[in-house]
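Structure, as structure tokens:
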There are 2 protein chains.
Amino acid sequence: MDGEMAQAPNEKAARLIDVARRANVSRATAARALGGYGLVTQSTRERVMAAAAELNYRVNELARSMRSGRSLTIGVVVADIANSFFNKAIRAIIETASQAGYQILVLNTDDEIERERNAVKVLIEKRVDGLIVVPASQGEYEHLVVESEPEVPVVLLDRRVDSGEIDFVMTDDRAAAGQAIRCLVSAGHTRIGLLVATAAVQGYSQEMPAAVVGTVRDRVDGAKAALAELGLSARPEWYRFSQSRVETARKAAIEILTSPEPPTAILATNEDVALGALGAAAELGIEVGGELSIIAFDDAPWAGVFRPPLSVIRRPVASLGAAAVELLLRKIEDGTYRNSQILEAELVNRQSVAPPPAKR
Amino acid sequence: MDGEMAQAPNEKAARLIDVARRANVSRATAARALGGYGLVTQSTRERVMAAAAELNYRVNELARSMRSGRSLTIGVVVADIANSFFNKAIRAIIETASQAGYQILVLNTDDEIERERNAVKVLIEKRVDGLIVVPASQGEYEHLVVESEPEVPVVLLDRRVDSGEIDFVMTDDRAAAGQAIRCLVSAGHTRIGLLVATAAVQGYSQEMPAAVVGTVRDRVDGAKAALAELGLSARPEWYRFSQSRVETARKAAIEILTSPEPPTAILATNEDVALGALGAAAELGIEVGGELSIIAFDDAPWAGVFRPPLSVIRRPVASLGAAAVELLLRKIEDGTYRNSQILEAELVNRQSVAPPPAKR
DNA sequence: CTGAAAGCGCTTACAG
DNA sequence: CTGAAAGCGCTTACAG
């Protein structure tokens, strides 16, 4: 009768019971027809569907979640959503999760442990079914093991913590750093600097900060080990640990490049510090891919277009995001399921690596 | 008594009633003490707080939301979360919203209207308190006016639609494009091409697709109007409308640059197509900031470090995101509040603009 | 195959 | 200042 009016504005949103009444069934039956579970006759289902359409019914997921105990929501806690590596990962996470019917609640921490703790707390209160976290600290992870029943499964992305209890999905950055060093050395370099991005320092420093995250440590250790294997070592003056900001990294790189006997090659551990190194070279009039060789972690969108095209370590970021979701979903199904993953990275040697200048 | 045991794993999560019992008060009183509203004596509050801490109580926001009718969640529907403009905007949105106690549910549409419709539907079902949308289409917006009571306010980001009913926060792209053209013309250019990013086309085309979004149209119209004002016109061969992918845009740019009488300058309407133009120039051995001048929309992180440093139109992306949230929050408070905003963009002329080559 | 009832965990009037 | 009761909108056993 008022079928024509059903979508008029300013009507109270229809509830399940409104649909049920219009279809002349009980709420239970209406729920079954709409939810596609349990048994309903074809004709009942059609009647309910029609009623729902006429009333423009939208299920209240809040109510559904409360009753069913599953929110179909995953919380993502990330260091910096504006970083190109993380945002490609998030894109893959959103994609993979939504295919499975899950939505994503994203929080940013800027790698601050306090904000991470708070983010986890908020997400637990929102009753997410699981958590994907890029942890800010390797040692402080108590907030990540969520004790209550039902347990909230956690998967770490890109980094691990000092607990065997929490699964992670990351790349083999130790091996990747080694690959980069070997590439540089076989091009003839013996003086190789390291520009390392880390949230564990204000500004930048020459010493590795103690609180550095595992992934950062892997990259540094991997580089050092490869160097040692090749009979090389690195001077402290060639190292800088900088926060992940282009401007800060630029200053740090300038120090490296103006040291008495500067390196002829630099390994930069992420997009921001790579940009800093490139900026420093430009400012000092040093030709990249000529006087100075550079390899950077992560194949940022601009890297291949840069002059010279930048040699990079390409990490399988979309696979990493997808794998994190898949692992998390399995853990949501089965609380005892355990399975960390380490994916391989690939060196894409474009044109920012060249033999070192002959002058000595 | 079992205070020490309170955090033991595998206990059922404490509920309000558990806290209430332990503190010897009613649920209502416990809720008031915890929620910080209503009246409670100091000593009662302390007792409740202590009980909550001992039980490691976490409020169930799902239940709270259902009862209170507010989910403290905002839905964000964006074309491409991996685009540097949008992800900086999202960063600002998350920041601003979380300061006000709201969390963000993000969905990606790749500028597909069907996915946008579905995203809005899902978010409504999750009972978000409001929606920030980068709409994929200017004409199809029925799904964005959510009719039921209570109304779900919507703010458009970066784009508007053909409805006066929906508020938006965007930049004055028409003016910005005009500014870019004037900069190019005063450097001496008369042959200026346009490389336009749009989701309204597969691959790329010379004609402007009909379904192009308002922001794209603004940029093209703004450029054309400025050209006309200066007594110049543009040849169709100098125009390409390309989907927002570096590789596609590169091919389109190559066509422009190899046309019989190629332009000496190009205006690129976003990061992806700017990268395409730069890639094309490199491939053709054309020197940017010499033979070819380029201005791009959006100050991507790499733009200032590029060789030559890229001249760009810098849009106030963080302000845009923050403004969208603030507007939305006001609308959530007051359903009748209306207020669109158009922010100004700024031309940052670095070194990719130079006089055209003298040869003719 | 369908329905009546209970209940998820809160908050909101309403009494007192 | 505190408590008993109702209710937000669903789904889940349990009967029939």
Side-chain angles (χ1 to χ4, degrees), chain A residues 11-49 51-52 55-73 101 124-129 148-150, chain B residues 11-49 51-52 55-73 101 124-129 148-150:
Chain A
E11 271 180 32
K12 276 245 174 293
R15 296 153 307 164
L16 181 62
I17 196 168
D18 301 317
V19 175
R21 282 207 257 262
R22 175 176 272 253
N24 254 305
V25 295
S26 69
R27 285 183 301 161
T29 301
R32 282 187 279 254
L34 257 15
Y37 58 92
L39 301 175
V40 213
T41 43
Q42 178 67 10
S43 76
T44 306
R45 161 166 292 115
E46 280 167 7
R47 216 147 22 96
V48 172
M49 293 304 212
L55 295 173
N56 194 24
Y57 172 71
R58 299 284 172 85
V59 67
N60 185 329
E61 280 290 348
L62 252 29
R64 165 128 79 187
S65 297
M66 188 156 62
R67 186 63 242 248
S68 69
R70 321 182 82 227
S71 64
L72 296 181
T73 305
I124 298 288
E125 291 180 349
K126 288 238 190 241
R127 293 305 191 257
V128 295
D129 293 330
S148 59
E149 267 290 308
Chain B
E11 271 180 32
K12 274 245 173 294
R15 298 153 305 164
L16 182 63
I17 196 167
D18 302 316
V19 175
R21 281 206 259 261
R22 175 175 273 253
N24 253 305
V25 295
S26 68
R27 285 181 302 160
T29 300
R32 282 188 280 255
L34 258 14
Y37 59 92
L39 301 174
V40 213
T41 43
Q42 178 67 13
S43 75
T44 307
R45 162 167 291 116
E46 281 166 8
R47 218 149 18 98
V48 172
M49 295 303 211
L55 295 173
N56 193 25
Y57 172 70
R58 298 285 173 85
V59 65
N60 184 328
E61 281 290 348
L62 252 27
R64 165 128 80 187
S65 298
M66 188 157 63
R67 185 63 242 248
S68 69
R70 321 180 83 227
S71 64
L72 297 181
T73 306
I124 298 290
E125 290 180 350
K126 288 239 191 240
R127 291 306 192 258
V128 295
D129 292 331
S148 60
E149 267 292 306

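Below, read A as the first sequence line, B as the second, and so on, with proteins coming before strands; counting in each chain starts at 1. Values reported hereafter were calculated over all heavy atoms of this structure, with side chains retained and with hydrogens, waters and symmetry mates removed. This is a predicted model, so every value here is computed, not measured.
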Proximity to the side chain of [X] - top-ranked nucleotide from [options]:
X: B/Arg32; options: D/dC10, C/dT2, D/dG3; value: D/dG3
X: A/Thr41; options: C/dT2, C/dC10, D/dC8; value: C/dT2
X: A/Leu39; options: D/dC10, C/dC1, C/dT11; value: C/dC1
X: A/Thr29; options: D/dC10, C/dG9, C/dT2; value: C/dT2
X: B/Ser26; options: D/dC1, D/dA4, D/dC10; value: D/dA4
X: B/Arg64; options: C/dA4, D/dG9, C/dC10; value: C/dC10
X: B/Ala28; options: C/dT12, C/dC10, C/dG3; value: C/dT12
X: A/Asn60; options: C/dC10, D/dC1, D/dG9; value: D/dG9

The test is side chain to side chain contact (heavy atoms under 4.5 Å, CB included); show your working for B/Arg21 and B/Ile17 and say whether it passes. CA-CA 6 Å; B/Arg21 281 206 259 261; B/Ile17 196 167; 3.8 Å; yes
In whole Å, I'd like the distance from the [atom1] atom of [X] to the [atom2] atom of [N].
X: A/Ile17; N: C/dT2; atom1: CD1; atom2: C1'; value: 16 Å
X: B/Leu16; N: C/dG7; atom1: CG; atom2: P; value: 18 Å
X: B/Arg15; N: C/dC8; atom1: CZ; atom2: P; value: 7 Å
X: B/Arg21; N: C/dG9; atom1: CZ; atom2: P; value: 12 Å
X: A/Asp18; N: D/dC10; atom1: CG; atom2: C1'; value: 13 Å
X: B/Arg67; N: C/dC10; atom1: CZ; atom2: P; value: 14 Å
X: A/Glu61; N: D/dC8; atom1: CD; atom2: C1'; value: 15 Å
X: B/Leu34; N: C/dC10; atom1: CG; atom2: P; value: 9 Å

Under 3.5 Å donor-acceptor, B/Lys126 side chain and A/Leu72 backbone: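 Yes, B/Lys126 side chain to A/Leu72 backbone: donor-acceptor pair under 3.5 Å.
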Does the side chain of B/Asn60 reach to within under 4.5 Å of the side chain of A/Arg127, using non-hydrogen atoms?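 Yes. Closest side-chain heavy atoms under 4.5 Å.
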Quick one, A/Leu34 and A/Met49 - any side-chain contact, counting heavy atoms below 4.5 Å?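 SC-SC contact between A/Leu34 and A/Met49 confirmed.
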Of all the heavy-atom pairs spanning A/Gly35 and A/Arg64, show the shortest one and how long it is.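 Answer, listing the atom of A/Gly35 first, then A/Arg64: CA-NH1, 4.4 Å.
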On a heavy-atom basis, which atom in A/Tyr57 and which in A/Leu16 lie closest, and how many Å separate them?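 In terms of heavy atoms, the two residues are closest at CE1-N, 3.3 Å.
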Derivation and outcome, side chain to side chain contact (heavy atoms under 4.5 Å, CB included), residues B/Arg47 and B/Val25: CA-CA 9 Å; B/Arg47 218 149 18 98; B/Val25 295; 4.2 Å; yes
Let me spell it out: for each of A/Ser68 and A/Leu62, pick the nucleotide of DNA chain D with the closest heavy atom. Which residue's pick is nearer the 5' end?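 Comparing both residues, the 5'-ward one is A/Leu62.
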For B/Val40 and for B/Ala63, find the nucleotide of DNA chain D with the closest heavy atom, then tell me which residue's nucleotide is more 5'.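 With B/Val40 and B/Ala63 compared, the 5'-side residue is B/Val40.
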Look at A/Tyr57 and D/dC10 and indicate whether a side-chain polar atom (N or O) is within less than 4.0 Å of OP1 or OP2.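 For D/dC10, OP1/OP2 do have a side-chain N/O of A/Tyr57 under 4.0 Å.
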Indicate, with a heavy-atom threshold strictly under 4.0 Å, whether B/Thr44 touches base, sugar-phosphate, or nothing.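 The answer is sugar-phosphate, as B/Thr44 gets under 4.0 Å only of primed atoms, P, OP1 or OP2.
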For DNA chain C, what are the stems built from at least three Watson-Crick or G-U pairs in a row, each pair having both distances below 3.5 Å?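 When the pairs of DNA chain C are grouped into runs of at least three, the stems are C:1-3 with D:14-16, C:5-12 with D:5-12, C:14-16 with D:1-3.
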To the closest 0.5 Å, what do you measure between CD (B/Glu61) and OG (B/Ser68)?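 If we round to the nearest 0.5 Å, B/Glu61:CD and B/Ser68:OG are 8.0 Å apart.
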